Amino acid sequence: MRITAITAILVLLACVPALAGPQTTESEVVAMVLNKSTIIDTDVKVTRVSLASEGLVDMVLISPRQIYLTAKALGSTSLTLWSGAEVAKVYDLVVAPDVTRLKRLIHETMPGEKEIRVLSSGSAITLAGSVSSSEHLSRALVLAKAEAGGNVVNLLNVDGIHQVMLEVRVAEMSRSVTKQLGFNFAAIGSNFSIFSLINSLASYNPDDGYLVAGDKVNIMGSYTNGSYGLFGMLNALKANGLVRMLAEPNLTCVSGESAEFLVGGEVPIPMPGSLGTVGIDYKPFGIGLKFTATVLSSGRINLQVNPEVSELDYSRSVPVSGYEVPTISTRRASTVVELADGQSFMIAGLISDTLRENSSKVPGLGEIPMLGNLFSSKDFASNKTELVVLVTAHLAKPVDMAAQTLPTDGFKEPDDKEFYLFGLLEGQKDEPTETASNGTGGEQGAVIRPESGFDGEFGHSWSN
């Protein structure tokens, strides 16, 4: 019985490997470069070889112990080797882009970039480290995408300052000159009437028999003798106008982004709709600016600037659905410049010069010397406008808020005595404290109050 039990145990132990099934073989990773070859040496003679994907790697069995592999496409596959009936080895073949050539290209095109690291991660190229500017970042990405077929992982950081502050000064001068001279008269008798209403300075009322003056008349007179009357109206005007408009906005944005501002407002424009309805659409006007700044290498700034100055013009308004809609007179410019930190450029030459002359005469009578002025009307208008835009670009850095000053920092609220007794809307600032040596090695502080101001006492107050 003991011999039978021992025999049964030995049989069970012999069957354990068969019941456990085939043993797994640990795989080894082989990194390959696209379009390059690799030779694998084995410790045992290989009797059979299997390649999971033949489209990625070409395989040639040189000898029972050497296998020649050539990478054809990016990706990964597995290579299994048999020695007899057993699996001898399993290889994971990973085909990655050639980063050696990319490193050389980056060094040749951007020799100053020492912090760029090029890594191969499977079928992609990973760029890590830092670059000095956004321009060099774009160049590195273009080179990497050309090598990896667009499969690029960007982990680069851009060093330096990449915020741009724009100081803009917009100045416009507008000068206008207007001259007008016109004469209207009427001679009315019992049996006749003569009118000269050039330029419509006045209108005749036949029911009451007198002239009605318009809003352009400066001088009006009449002479009546019995049933005869002479009426005259004169428009004589000379006007000079000067307008100065100035805006000084500051605007900050990140490199590569756009920013814009508008100093002005929006005018409501009625828009006729269906079934007699009227909608409202708002159109902006004023001094506006839109710009896109890109920080280049060596601190230079590429700047695309679009300034615009517009104003409402009621002299050319258009009636819409019972509303008087003004037109918008606009001056606009667009330019792209490149400048260094702190440099400025000017957009000038935006000059508008208009001249209008109008003369109305009665044929024949208006040509008579001297007397013809009674039968004519003259109108002269000149308008000159010049717009100048001065732009200064700065690389913006964060600053300490404690070191900044505001327009309200110097304001001191008046106390009751200053407000009610002296009528001051702003409190008087405290006098600075002066320190002087007292001759004993210590310091003596002095607060001096002016004698002319009432502060509860007269004269000086000294405190040691």
Side-chain angles (χ1 to χ4, degrees), residues 161 163-176 239-254 259-268 282 284-289 291 307-312 314 326 341-342 344 385-464:
I161 303 172
Q163 293 188 133
V164 178
M165 184 185 72
L166 221 59
E167 294 183 27
V168 183
R169 282 182 286 178
V170 181
E172 184 182 38
M173 294 294 293
S174 178
R175 186 186 303 274
S176 61
N240 294 318
L242 180 64
V243 178
R244 176 178 179 265
M245 181 168 53
L246 182 67
E248 296 187 11
N250 293 342
L251 208 59
T252 304
C253 73
V254 179
E260 59 182 312
F261 77 92
L262 175 66
V263 180
E266 293 185 344
V267 57
Y282 290 89
F285 70 94
I287 299 177
L289 175 70
F291 76 94
E308 178 178 315
V309 176
S310 58
E311 59 185 349
L312 302 180
Y314 285 92
D341 180 21
S344 303
T385 302
E386 182 176 3
L387 176 66
V388 176
V389 181
L390 182 63
V391 181
T392 304
H394 298 279
L395 294 177
K397 302 178 182 178
V399 295
D400 186 8
M401 187 59 191
Q404 301 305 304
T405 59
L406 299 176
T408 57
D409 290 346
F411 175 78
K412 180 182 178 182
E413 183 180 352
D415 55 22
D416 293 343
K417 177 184 62 179
E418 294 172 332
F419 183 75
Y420 293 107
L421 185 59
F422 297 106
L424 299 178
L425 301 180
E426 183 178 353
Q428 295 182 350
K429 299 178 177 61
D430 297 332
E431 294 292 334
T433 302
E434 299 179 1
T435 57
S437 175
N438 57 8
T440 59
E443 291 185 349
Q444 177 177 317
V447 178
I448 304 176
R449 296 186 178 91
E451 296 184 7
S452 59
F454 178 75
D455 195 17
E457 58 181 359
F458 296 94
H460 303 293
S461 175
W462 300 83
S463 59
N464 296 332

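Quantities reported herein were computed from a predicted structural model and do not represent experimental measurements.
- The shortest non-hydrogen separation linking Thr252 to Met165 is OG1-CG, 3.3 Å.
- With sequence neighbours left out, the side chain to side chain donor-acceptor pair (under 3.5 Å) criterion links Ser344 to Thr392.
- Of all heavy-atom pairs spanning Asp341 and Leu395, the tightest one is OD1-N, 3.0 Å.
- Looking at heavy atoms from C-beta onward, Val170 lies in side-chain contact with Val309 at the 4.5 angstrom threshold.
- The 12-atom threshold is not exceeded at CZ of Phe419, counting heavy atoms of other residues, nucleotides or ligands nearer than 6.0 Å.
- Considering all non-hydrogen atoms of both residues, Pro284 and Ser310 come closest at O-OG, 4.3 Å.
- Listed by chain and residue number, Lys429 satisfy the salt bridge (charged side-chain N to carboxylate O under 4.0 Å, His left out) test with Glu426 (two or more places apart in sequence, or in another chain).
- Side-chain atoms of Val267 and Pro326, non-hydrogen and from C-beta on, do get closer than 4.5 Å to each other.
- In this structure, Leu289 and Leu166 have side chains that are in contact, with non-hydrogen atoms separated by less than 4.5 Å.
- Legend: residues meeting side chain to side chain donor-acceptor pair (under 3.5 Å) with Glu167, ordered by chain and number and at least two apart, are His394.
- Here the closest heavy-atom approach between residue Glu266 and residue Phe285 is recorded as N-CE2, 3.8 Å.
- Taken from CZ in Arg169 to CD1 in Ile287, the straight-line distance is 13.5 Å, to the nearest 0.5 Å.
- Without hydrogens or angle criteria, Glu418 side chain to Gln428 main chain gives a donor-acceptor distance under 3.5 Å.
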